[in-house]
Amino acid sequence: MKLSEKEKASHKEAFRNMNLQDRIDYIFSYYKAYIIVPLVILILAGHFIYARITRKEEVLYLAAINIAAGEDLTAELTDQFIEECFEAPKKKRVTFYPELYITDDASSDNNRYAYASRVKLLGTIETKKLDAVILNREAYDLLSRSGYLLDLTAYIGKESLVYNDVLIHDNRIDHLLDEEIEEDLSSYPAGNGIDISAYPIIRKAGFPETVYLCVIANTPRIDTVLTYIDYLKK
């Protein structure tokens with residue numbers, strides 16, 4: 001409702017006679033919408049601008065499976081790679097999934113952890129947020145047989161590759177349910193692994209078993225993966 005000139009003058013006079021606290025209460029009571037809405041917009045705009053400025057580009061997604069990478073090795077596998085191989089390294093990062101564990105040993109004491117790791121692994125592969133894995137032989141065999149690994153023969157010399165079986169047909173469940181069905185585990189060999197145990201960064205870590213690097217078949221960042229392999233060799 002529009003105030004008359006007399007009412008406006010009365011409000012002004014009342015405002016002048018208020019103490020500081022009453023004036024603050026009056027302003028907030030009658031004009032809070034005009035204060036809060038712009039303030040919220042300003043905060044949201046500031047948050048958006050800050051997020052845009054500080055957001056880092058994901059250049060590589062990497063996982064360690066069935067091996068433990070300590071702090072020093074993790075830094076060399078991630079931050080040091082960015083520092084050495086990219087311009088504006090502060091705006092780039094490697095997403096690293098540490099200490100995943102997979103096994104087909106039904107008697108393993110870590111079955112729950114293995115199940116959670118497998119779910120996470122499959123989720124990252126499905127969303128194309130996993131490019132390469134560093135792993136032991138057991139994990140390498142499991143991923144190779146399941147067909148999750150890229151055949152690297154078109155990218156790397158055959159003499160540098162490790163060959164592993166990729167299953168074409170697997171009817172083990174049918175065979176278990178009906179022994180009259182002959183078990184069929186047809187497979188073919190694929191050059192889908194690299195023994196990186198002697199690479200300086202890995203050798204320094206002192207793993208007691210052979211360590212492999214494999215590339216996930218659906219990676220959209222194969223050029224970065226190849227750069228990463230060259231980095232590990234240095």
Side-chain angles (χ1 to χ4, degrees), residues 59-70 73-74 76-78 80-81 85 94-105 108 110 114 117-170 172 185-234:
V59 298
L60 187 71
Y61 293 88
L62 179 70
I65 308 177
N66 293 14
I67 63 171
L73 178 57
T74 297
E76 290 185 288
L77 293 175
T78 57
Q80 189 170 310
F81 168 61
C85 300
V94 173
T95 294
F96 184 53
Y97 309 110
E99 298 182 9
L100 297 182
Y101 174 72
I102 58 175
T103 183
D104 60 357
D105 181 4
S108 172
N110 296 314
S117 292
R118 188 180 289 269
V119 170
K120 183 170 185 177
L121 191 62
L122 295 179
T124 56
I125 292 173
E126 180 68 24
T127 56
K128 297 186 178 181
K129 289 189 175 181
L130 185 58
D131 302 304
V133 288
I134 296 173
L135 66 182
N136 72 351
R137 185 72 199 202
E138 180 185 16
Y140 176 24
D141 290 344
L142 287 172
L143 292 184
S144 179
R145 289 201 300 266
S146 298
Y148 290 122
L149 304 180
L150 181 67
D151 190 327
L152 295 169
T153 52
Y155 304 96
I156 297 173
K158 293 182 179 181
E159 68 280 358
S160 301
L161 296 176
V162 178
Y163 283 73
N164 207 334
D165 291 334
V166 178
L167 289 180
I168 301 172
H169 192 256
D170 181 358
R172 280 176 293 184
L185 299 176
S186 304
S187 64
Y188 69 92
N192 55 13
I194 304 171
D195 181 350
I196 61 172
S197 303
Y199 287 10
I201 291 174
I202 304 300
R203 185 180 66 244
K204 240 184 347 180
F207 289 106
E209 57 184 331
T210 304
V211 178
Y212 302 90
L213 182 139
C214 301
V215 182
I216 300 303
N218 68 348
T219 175
R221 288 167 285 270
I222 184 61
D223 290 340
T224 304
V225 173
L226 296 176
T227 300
Y228 189 74
I229 293 170
D230 290 336
Y231 160 76
L232 292 178
K233 291 179 182 178
K234 296 178 182 178

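Being a predicted model, the structure only gives us computed values, none of them experimental. The figures here come from the full heavy-atom set of this structure, side chains too, leaving out hydrogens, waters and symmetry mates. Quick note: residue numbers are just sequence positions, from 1.
Atom-to-atom distance recorded for Tyr155:OH and Thr153:OG1 is 9.0 Å, nearest 0.5 angstrom. The CG atom of Leu62 sits 9.5 Å away from atom OG1 of Thr95, with the distance rounded to the nearest 0.5 Å. In this structure, Glu209 CD and Leu135 CG are separated by 9.5 Å, a value rounded to the nearest 0.5 Å. Atom CD1 of Ile196 and atom CD1 of Ile134 lie 4.5 Å apart (nearest 0.5 Å). Here the OH-CG distance, from Tyr188 to Asp151, works out to 7.0 Å after rounding to the nearest 0.5 Å. For the atom pair CG (Leu232) and CD1 (Ile194), the distance works out to 9.0 Å, reported to the nearest 0.5 Å.
Considering every non-hydrogen atom in both Leu60 and Val225, the closest pair reads CD1-CG2, 3.8 Å. Between Gly147 and Ala217, the closest heavy-atom pair is O-CB, 4.5 Å. Between Arg203 and Ala198, the closest heavy-atom pair is NH1-O, 2.8 Å. Annotation for Ala69 and Leu73: closest pair CB-CD2, 3.9 Å, computed over non-hydrogen atoms. The two residues Leu152 and Val215 come nearest to each other via the heavy atoms CD2-CG2, 3.8 Å.
Side-chain atoms of Asn218 come within 3.5 Å of backbone N or O of Ile125 as a donor-acceptor pair. In this structure, Ser117 contributes its side chain and Tyr101 its backbone to a donor-acceptor pair below 3.5 Å. Between the side chain of Ser197 and the backbone N or O of Val211 there is at least one donor-acceptor pair closer than 3.5 Å. Not one N or O on the side chain of Asp165 forms a donor-acceptor pair closer than 3.5 Å with the backbone of Arg145. Panel note: side chain Asp131, backbone Ile222; no donor-acceptor pair is recorded below 3.5 Å.
The aromatic rings of Phe81 and Tyr228 sit perpendicular, their planes meeting at an angle over 60°, well past the 30° parallel limit.
The side-chain contact (heavy atoms from CB on, under 4.5 Å) test with Tyr140 singles out one residue from Leu213, Val162, Thr210, and that residue is Val162.
Annotation: Phe207, atom CZ; neighbour count of heavy atoms from other residues, nucleotides and ligands within 6.0 Å is above 12.
Side-chain contact between Tyr61 and Lys128 is absent, with no heavy-atom pair separated by less than 4.5 Å.
The pair Arg137-Asp141 counts as a salt bridge, with a side-chain nitrogen and a carboxylate oxygen less than 4.0 angstrom apart.
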task: List the steps, then state whether side chain to side chain contact (heavy atoms under 4.5 Å, CB included) holds for Leu100 with Val133.
output: CA-CA 10 Å; Leu100 297 182; Val133 288; over 6 Å; no
